[in-house]
Amino acid sequence: RRIVREMTEKNILLVMIIVEGNDKSKAKMKDSIVNMKEVSFVNGKPKVKHFIDDYPFPYYMVLQDMHNLPEVLGDALKQWFEMMAQNQGQG
């Protein structure tokens, strides 16, 4: 997480791309990283939460179809440029 913070401070966009495949069947969707859960114990009691909630990367994309990669990356870059312009306007 330290490296992620350092990259953010240097205005470096770090995006984790998670490729889950082309099969869009319901059986595959239930196995998606977005739906994965993990169990931890707090004061001896089980606590269930989605795995992705504590993912160390602030920006990630879950890609089902590799054909969409150029469009998705273009959208991510556009949003990043908008954030950088907004941050420069505030500073």
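Remember, predicted model here, so these are calculated numbers, not experimental data.
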Q) What residues form a side-chain contact (heavy atoms from CB on, under 4.5 Å) with I3, not counting sequence neighbours? A) M7

(Q) Just to verify, what does P70 make a side-chain contact (heavy atoms from CB on, under 4.5 Å) with, not counting sequence neighbours? (A) none

**Q.** CG on L69 to CG on L63, rounded to 0.5 Å
**A.** 5.5 Å

**Q.** Gap separating the CG atom of L14 from the CH2 atom of W80, nearest 0.5 angstrom
**A.** 11.5 Å

Q. Among the clusters formed by ILVMFWY side chains lying less than 4.5 Å apart, do M16 and I12 turn up in the same one?
A. yes

Q.
Could you report the tightest heavy-atom contact between E20 and V62, atom names first, then the distance?
A. OE1-CG1, 3.4 Å

Q) Between CZ of F81 and CD of Q86, what distance do you get to the nearest 0.5 Å? A) 15.5 Å

Q) Applying the 4.5 Å side-chain criterion to the ILVMFWY set and letting contacts propagate, would V48 and F41 be lumped into a single cluster? A) yes

Q. Taking the side chain as C-beta and beyond, is there a heavy-atom pair between Y60 and I33 under 4.5 Å?
A. no

Q: Taking side-chain hydrogen bond (donor to acceptor under 3.5 Å, both in side chains) as the test, write out the residues that go with E6, two or more places apart.
A: R2

(Q) Could you work out, with ring-ring contact (aromatic ring centres under 6.0 Å, His included) as the rule, every residue matching F51, not counting sequence neighbours? (A) Y55

Q: Report the C-alpha distance between M84 and N11 in whole Å, list the side-chain angles of each, state the deciding distance to 0.1 Å, and finish with yes or no for side-chain contact (heavy atoms from CB on, under 4.5 Å).
A: CA-CA 8 Å; M84 291 296 103; N11 293 330; 3.5 Å; yes

Q) Does M61 have any side-chain contact (heavy atoms from CB on, under 4.5 Å) partners at least two apart in sequence or in another chain, and if so, which? A) V15, I17, V72, L73, A76

**Q.** Inter-residue atom distance Q79.CD - L13.CG, 0.5 Å rounding
**A.** 10.0 Å

**Q.** Within residues 36-53 or reaching into it, pairs that qualify as salt bridge (charged side-chain N to carboxylate O under 4.0 Å, His left out) - sequence neighbours excluded
**A.** K49-D54

